[in-house]
Amino acid sequence: MPKPNAFLAKMEARYRRDMADRFAFALQMGMDAAALAANEVFGAGPKRCVAFCEAYNRIVNEIAAMTNEDADGDREIEYTKAKIDGALQRILGDAFHPWDERYGVRIEGKKK
C-alpha cells in the first residue's frame with residue numbers, strides 16, 4: 001500500500017475549508033438579500049425581519065437535512081424535489097417553475 005501523501009492531504013483539507021467558507025458566504029448573502037427584499041417589498045422592520053431571517057435559516061437547514069437524507073438512497077433526490085416543488089407550487093401558483101427550470105443543473109453539477 002502506498003504511503004499517504006502529506007502534501008496532498010494538506011491541499012485537500014485547504015480545498016475543503018475554502019469550499020465550506022464559500023458555501024457559508026453564499027448562504028449569508030442569500031439571507032442578507034432576503035432580509036433586504038422583505039423590507040423593500042413588505043416594509044418589514046426589525047421585528048419582522050428578524051423573524052423572517054430565523055424562519056429562513058430554519059427552512060434552509062430543513063431543506064439541507066432532507067436533501068442529505070434523500071441523497072443517501074437516491075442520487076437524483078426525487079423526494080426532496082417533489083416536496084419543495086409541491087410547497088412552492090401552492091405558494092406561487094401560476095408563477096411556479098419546476099425544480100429543473102429553477103436550478104438548471106443536475107445535483108452532480110452538470111448542465112442539462
Response to the item:
Residue set satisfying side-chain hydrogen bond (donor to acceptor under 3.5 Å, both in side chains) with D85, at least two apart, ordered chain then number -> R102
Worksheet item: Near E12 CD, under 6.0 Å, is it more than 12 heavy atoms from other residues, nucleotides or ligands?
Response: yes
Worksheet item: Is it the case that one hydrophobic cluster holds both F23 and M19, taking links as side-chain heavy atoms less than 4.5 Å apart, direct or via other members?
Response: no
Item to complete: Could you state whether Y103 and L88 fall into the same hydrophobic cluster, counting links through intermediate Ile, Leu, Val, Met, Phe, Trp or Tyr residues with side-chain heavy atoms under 4.5 angstrom apart?
Response: yes
Worksheet item: So does Q28 have more than 12 non-hydrogen atoms from other groups sitting under 6.0 Å from CD?
Response: yes
Fill in: CD1-CD distance between I84 and Q89, expressed to the nearest 0.5 angstrom
13.5 Å
Practice prompt. Determine whether D74 and Y79 make a side-chain contact, defined as any pair of heavy atoms from C-beta on separated by less than 4.5 Å.
Written response: no
Fill in: Nearest-0.5 Å distance, CG of residue D70 to CD1 of residue I77
6.5 Å
Fill in: Closest approach of A35 to F52 (non-hydrogen atoms, all atoms of both residues)
N-CE2, 4.3 Å
Worksheet item: Short question: side chain of R75, backbone of A71 - any donor-acceptor pair under 3.5 Å?
Response: no
Expected list for residues 54-66: side-chain donor-acceptor pairs under 3.5 angstrom, two or more places apart:
from: R58; atom 1: NH1; to: E62; atom 2: OE2; distance (Å): 3.2
from: N61; atom 1: ND2; to: N57; atom 2: O; distance (Å): 3.0

Worksheet item: In Å and rounded to the nearest 0.5 Å, what is the CG to CZ distance from L27 to R22?
Response: 14.5 Å
Discussion item. Within the structure provided, determine whether M29 and F25 are in side-chain contact (heavy-atom separation under 4.5 Å).
Written reply: yes
Response to the item:
Tightest non-hydrogen contact, residues A44 and C49, listed as O-SG, 3.5 Å
Practice prompt. Determine whether L92 and W99 fall in the same hydrophobic cluster, where Ile, Leu, Val, Met, Phe, Trp and Tyr are linked whenever their side-chain heavy atoms lie under 4.5 Å apart.
Written response: yes
Worksheet item: Quick one: CG on D100 to NZ on K81, what's the gap to the nearest 0.5 Å?
Response: 5.0 Å
Worksheet entry | Over 12 non-hydrogen atoms of neighbours within 6.0 angstrom of CZ in F96 | yes
